[in-house]
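Reviewing the structure listed below.
Quick note: numbers below take in every heavy atom, side chains included, and nothing from hydrogens, waters or symmetry partners. Because the structure is predicted, anything quoted here is derived from the model rather than measured.
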Number of protein chains: 2
Amino acid sequence: MASIKDVAAEAGVSVATVSRVLNDHPSVSADARTRVLAAVESLGYRPNAVARSLRTDQTHTLGLVISDVMNPYFTELARSVEEEARALGYSVIIGNADERPDLQDHHVRNLLDRRIDGLLVSPTDGGSPLMLDAARAGTPMVFVDRWIPGVGVPVVRSDGRAAVRDLVAHLYGLGHRRVAIIAGPAATTTGRERVEAFREALQEYGLGLPDAYIGQGDFQAESGRRVTEGFLDLAEPPEVVFAADNLMALGALDAVRARGLRVPDDIALAAFDDIPWFVHTDPPITAIAQPTGELGRAAVRALADRIEGRPGESVTLPARLVVRRSCGEPYPASPEPDSAQAPAVQPPAENRSHR
Amino acid sequence: MASIKDVAAEAGVSVATVSRVLNDHPSVSADARTRVLAAVESLGYRPNAVARSLRTDQTHTLGLVISDVMNPYFTELARSVEEEARALGYSVIIGNADERPDLQDHHVRNLLDRRIDGLLVSPTDGGSPLMLDAARAGTPMVFVDRWIPGVGVPVVRSDGRAAVRDLVAHLYGLGHRRVAIIAGPAATTTGRERVEAFREALQEYGLGLPDAYIGQGDFQAESGRRVTEGFLDLAEPPEVVFAADNLMALGALDAVRARGLRVPDDIALAAFDDIPWFVHTDPPITAIAQPTGELGRAAVRALADRIEGRPGESVTLPARLVVRRSCGEPYPASPEPDSAQAPAVQPPAENRSHR
DNA sequence: CCCGTCGATGTAATCGATTCCACGAGCGCT
DNA sequence: AGCGCTCGTGGAATCGATTACATCGACGGG
């Protein structure tokens with residue numbers, strides 16, 4: 001592979017001049033420029049990004065460590081991250097942690113060794129020493145979706161509280177009273193938050209969330225199946241199962257179906273994280289949709305800000321409820337089954353939260 | 001960030017010794033080794049992969065350019081590729097071409113500039129000059145799933161012919177005679193091959209594939225919708241629509257449903273590329289499943305072979321039919337609705353292919 | 001006409017590793 | 001005792017770029 005020296009020789013100039021042409025530095029004669037360009041062309045020369053990075057201490061590369069590539073939510077995130085990064089002149093290297101802290105560390109270490117300019121992470125756990133060190137050491141970093149509290153790292157995420165409240169209103173309005181949740185890992189912020197938001201919203205409606213109705217999942221389909229089976233085995237099974245992510249919802253659907261039961265007639269189902277496939281499942285699944293694309297773009301912008309020396313702020317965007325049919329027919333003969341809707345039912349007045 | 005010099009200073013040895021310790025070269029005294037290791041530890045030193053790559057001319061990195069990250073088939077492929085690569089000591093950088101040749105070139109160029117050790121590609125088109133040049137220039141390369149003929153590059157793919165024949169047998173057995181296909185882009189091998197395989201299999205059963213029943217798609221959901229609408233507008237619409245990939249099948253499902261028609265009662269649907277979600281759609285979709293994980297692993301092994309100077313062979317694995325309910329109830333009261341089944345119906349004898 | 005300035009260019013240092021080569025110490029063998 | 005090995009080590013070249021600094025010629029103003 002041709003190097004800058006070969007180009008210099010071919011064009012009859014020094015490597016400095018070649019470099020200047022390539023980085024369009026102003027003081028190069030038109031003559032030299034054309035000769036260099038011709039040499040570049042004829043040799044098919046391409047600058048070696050490795051050498052360039054070594055010298056400039058910049059890789060123009062962002063690392064993105066996500067918890068699970070097979071989860072459509074994260075692939076959409078990855079896609080929007082790459083798009084925005086490309087628009088800003090960065091490449092992205094994706095690391096898939098598969099919800100495993102050790103794999104997450106592997107990728108973080110790998111990315112750090114490659115001297116990426118900045119790191120975007122959706123942490124699988126409460127924070128490995130490695131990541132905390134990196135943050136402290138000043139690696140430009142931004143958390144996306146999930147985060148680790150107490151580190152001075154901006155967080156780009158969506159707030160599901162309002163949407164969860166809407167969901168509970170929806171469930172309440174349909175007459176459901178015994179509701180259960182398949183929680184995510186307690187080590188993740190999203191795992192804890194979603195349970196909290198759900199519990200609070202239920203409280204407004206005078207409903208409780210007994211321990212027996214809180215199943216511990218790990219954001220993977222299999223755990224959704226297992227937890228749901230547990231629910232169905234209860235003396236008094238819940239009327240609704242709310243899965244804290246889309247894959248667990250799928251597992252839940254499997255479990256329900258394996259018993260010969262039907263959604264929503266025998267048990268209702270809702271999920272956090274909407275995905276295109278939910279429109280096509282049987283029945284279409286009511287879900288809380290995050291503005292995934294926006295999150296990815298905002299995260300990249302925040303990271304680019306940090307890298308380029310600007311502040312780089314946290315961003316929180318609202319999620320919204322998308323009502324479909326998995327909790328029961330929402331409203332008689334709804335003409336548009338796949339759109340966000342405001343809850344039609346108010347909580348009992350005495351429980352209504354002030355303001 | 002600490003460099004090898006800092007470590008050398010801290011340990012009171014030369015950089016050469018530090019390097020030897022790090023690459024566990026035999027001739028280092030036990031004493032020096034422990035001092036170096038202590039220095040590494042106390043400084044939190046990590047070798048700079050950029051510098052190392054420049055010197056050794058190896059990045060231990062594979063590039064993977066896929067046509068569409070949002071397609072579950074490719075994300076599964078990406079996942080298995082990364083896993084196998086990791087097991088073999090390589091990292092993977094994924095580039096998403098989004099079925100756009102220009103984006104594909106962007107990523108290939110980017111990866112080449114980064115001096116990746118080898119390239120795994122599932123080409124979106126017939127082959128850009130860029131990629132052909134790279135292949136000719138001797139970049140270790142392997143095609144996965146799709147390929148470009150005439151370049152001396154190994155191909156790892158699955159052969160759908162037998163499975164397509166099984167599908168046609170299945171359709172024929174259910175009484176379907178007017179069958180249509182939503183084809184992929186003619187520029188891709190898979191786009192062309194699947195149509196060919198389908199046509200040949202139909203022929204064995206004495207069925208034709210008229211032009212009106214061949215719709216031109218682009219492997220994206222939207223095109224599936226559009227083509228299906230065209231089919232439904234025909235004076236004599238087909239009884240079956242076979243989509244050449246999963247996303248187009250989804251689009252087709254949308255289109256059918258938008259007309260108030262039902263699958264499989266009004267029109268049957270089948271797809272190439274099975275994905276977990278097909279179990280959960282309404283109805284579950286009959287599909288041809290590729291051994292995706294195996295393909296990814298085999299591709300990485302072939303590429304590693306090439307990189308490390310071994311031959312690196314092409315691999316072709318069989319796909320298989322997974323019968324579900326989208327083409328009609330397959331067999332009365334099938335106890336196991338989600339498994340591969342041999343076709344129960346033979347073609348009319350006079351058309352049966354010899355051997 | 002001379003000198004300062006500016007534009008174009010080349011020389012060489014540098015980034016952080018790896019690795020060839022030389023050197024000195026220690027040891028065994030004759 | 002002297003020769004030749006091996007072993008451990010350091011010095012320095014090298015990979016392919018960028019860039020500070022030096023140089024040189026041309027040009028314009030006083």
Exercise for the section: Consider only side-chain N and O atoms of A/R52 and A/N48, and report whether a donor and an acceptor are under 3.5 Å apart. Expected result: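 No pair is found: no donor N or O on one side chain lies under 3.5 Å from an acceptor on the other.
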Handout entry: Residues that B/N71 engages under side chain to side chain contact (heavy atoms under 4.5 Å, CB included), provided they are two or more places apart
Key =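 Per chain and number, B/N71 pairs via side chain to side chain contact (heavy atoms under 4.5 Å, CB included) with B/D68, B/Y73, B/F74, B/D245, B/N246, B/L247.
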Tell me: [atom1] of [X] to [atom2] of [N], nearest whole Å?
X     : N      : atom1 : atom2 : answer
B/H25 : D/dT6  : NE2   : P     : 14 Å
B/R33 : D/dG8  : CZ    : P     : 9 Å
B/R35 : D/dG10 : CZ    : C1'   : 13 Å

Practice task
Would you check if the side chain of B/R115 reaches a backbone N or O of B/L112 as a donor-acceptor pair within less than 3.5 Å?
Solution key: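 Confirmed, B/R115 side chain pairs with B/L112 backbone.
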Problem - Distance test, side-chain N/O of A/S14 to OP1/OP2 of C/dG10, below 4.0 Å - result: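 For C/dG10, OP1/OP2 do have a side-chain N/O of A/S14 under 4.0 Å.
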Handout entry: Angle between terminal axes - the helix from C/dC1-D/dG30 to C/dT30-D/dA1, 5 pairs each end, rounded to 10°
Key =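 Here the local axes at opposite ends form an angle of 50°.
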Handout entry: Salt bridge flag under 4.0 Å for residues B/E83 and B/R86
Key =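 Salt bridge absent between B/E83 and B/R86.
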Problem - Electrostatic pair B/D305-B/R301, nearest N-O below 4.0 angstrom - result: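 No, B/D305 and B/R301 are not salt-bridged.
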Exercise for the section: Take atom CD of B/Q58 as the centre, draw a 6.0 Å sphere, and report whether it contains more than 12 heavy atoms from other residues, nucleotides or ligands. Expected result: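 Yes, enclosed.
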Review item, nucleotides 15-21 of chain C N/O atoms under 3.5 Å of protein N/O:
residue, atom, partner, partner atom, Å
C/dG16, N2, B/A51, O, 3.4
C/dA17, OP1, B/Y45, OH, 2.6
C/dA17, OP1, B/N48, N, 2.6
C/dA17, OP2, B/I4, N, 2.3
C/dA17, OP2, B/Y45, OH, 3.4
C/dA17, O5', B/Y45, OH, 3.3
C/dT18, OP1, B/N23, OD1, 3.3
C/dT18, OP1, B/N23, ND2, 3.3
C/dT18, OP1, B/R52, NH1, 3.4
C/dT18, OP2, B/S19, OG, 2.6
C/dT18, OP2, B/N23, ND2, 3.3
C/dT18, O2, B/R55, NH1, 2.3

Practice task
Determine the sole option in B/I116, B/V81, B/T61 for which the side-chain contact (heavy atoms from CB on, under 4.5 Å) test with B/V92 is passed.
Solution key: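 Running side-chain contact (heavy atoms from CB on, under 4.5 Å) over B/I116, B/V81, B/T61 with B/V92 returns exactly one hit, B/V81.
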Exercise for the section: Calculate, to the nearest 0.5 Å, the distance between atoms OG1 and CD belonging to B/T124 and B/Q104 respectively. Expected result: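 Separation between the atoms: 3.0 Å.
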